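All values derive from a computational prediction rather than experimental measurement.
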Amino acid sequence: MTAYEELVSMTGGDREAARKLLDGLRRMAQEAPDPQLRRFAADVLAGHVTLREAARSEAYDAVLSPHFHGLTRWRDALRERERRPSR
C-alpha cells in the first residue's frame with residue numbers, strides 16, 4: 001500500500017484530505033527544522049513504515065508528542081475564542 005492509499009484509508013476515503021496530508025508529509029520531509037521529523041516523514045513516504053505504525057512507535061512518539069500538544073493547545077485556544085461574543 002502506498003502512503004497515499006494509506007492516507008485515503010485513514011481519512012475514510014476522503015481523497016482531498018489524503019492529498020493534503022501527503023503534501024504536508026512531503027513538506028515536512030523537506031523543510032521541518034527538526035531532523036527527526038524530516039526522517040519520520042521520509043520513512044512514511046518511502047513506505048518503510050506506515051503512518052499508523054509510526055504514530056504508535058515510541059521513537060516517533062517522543063518526537064511528535066510536543067508538536068501534538070502544541071496543536072491541541074492552539075485548537076483549544078481557538079475554540080475558546082470562538083465561544084466568546086464578538087465586540
Side-chain angles (χ1 to χ4, degrees):
M1 178 180 292
T2 67
Y4 175 71
E5 291 168 337
E6 180 193 7
L7 294 172
V8 169
S9 173
M10 290 178 71
T11 60
D14 186 336
R15 294 185 180 281
E16 183 62 26
R19 272 193 287 281
K20 288 180 182 184
L21 287 169
L22 187 61
D23 289 345
L25 280 169
R26 288 178 178 147
R27 279 193 307 278
M28 187 185 299
Q30 295 290 319
E31 303 170 9
D34 186 320
Q36 290 179 316
L37 281 176
R38 288 194 306 271
R39 190 182 81 231
F40 157 74
D43 285 350
V44 171
L45 291 168
H48 299 300
V49 63
T50 68
L51 189 56
R52 284 183 174 112
E53 290 168 338
R56 289 189 298 253
S57 163
E58 286 183 29
Y60 290 122
D61 183 55
V63 173
L64 295 176
S65 285
H67 300 283
F68 286 130
H69 292 303
L71 180 60
T72 301
R73 284 191 304 273
W74 171 81
R75 182 200 62 207
D76 292 345
L78 183 62
R79 286 180 178 167
E80 180 61 31
R81 194 175 326 147
E82 289 172 348
R83 282 189 281 240
R84 290 186 212 143
S86 299
R87 293 178 187 200

Legend entry - Approximate separation, where rounding is to 0.5 Å, of Glu5 CD and Thr50 OG1: 13.0 Å
Legend entry - Closest approach of Thr11 to Ala17 (non-hydrogen atoms, all atoms of both residues): CG2-CB, 4.0 Å
Inset, instruction - Apply salt bridge (Lys or Arg N to Asp or Glu O under 4.0 Å) to the pair Arg26 and Asp23, showing each step before the final yes or no. - result: CA-CA 5 Å; Arg26 288 178 178 147; Asp23 289 345; 3.7 Å; yes
Inset, instruction - Write down the atom of Ala41, the atom of Ala29, and the distance for their closest heavy-atom approach. - result: CB-N, 3.6 Å
Inset, instruction - Determine which pairs satisfy salt bridge (charged side-chain N to carboxylate O under 4.0 Å, His left out) with at least one residue from residues 9-22, sequence neighbours left out, and list them in order. - result: Glu16-Arg19
Legend entry - Gln30, CD: over 12 other non-hydrogen atoms inside 6.0 angstrom: no
Inset, instruction - Measure the shortest side-chain to side-chain distance between Thr2 and Leu7 over non-hydrogen atoms and say whether it is less than 4.5 angstrom. - result: no
Legend entry - Ala3 versus Val44, closest heavy-atom pair with distance: CB-O, 3.8 Å
Legend entry - From Glu6 atom CD to Arg52 atom CZ, the distance as rounded to the nearest 0.5 Å: 5.5 Å
Inset, instruction - State the CE-CZ distance between Met28 and Arg38, to the nearest 0.5 angstrom. - result: 11.5 Å
Inset, instruction - Can you see which heavy atom on Ala32 is nearest to which on Leu37, and at what distance? - result: CB-CB, 3.9 Å
Legend entry - Rounded distance (nearest 0.5 Å) linking atom CG of Leu45 with atom OH of Tyr4: 14.0 Å
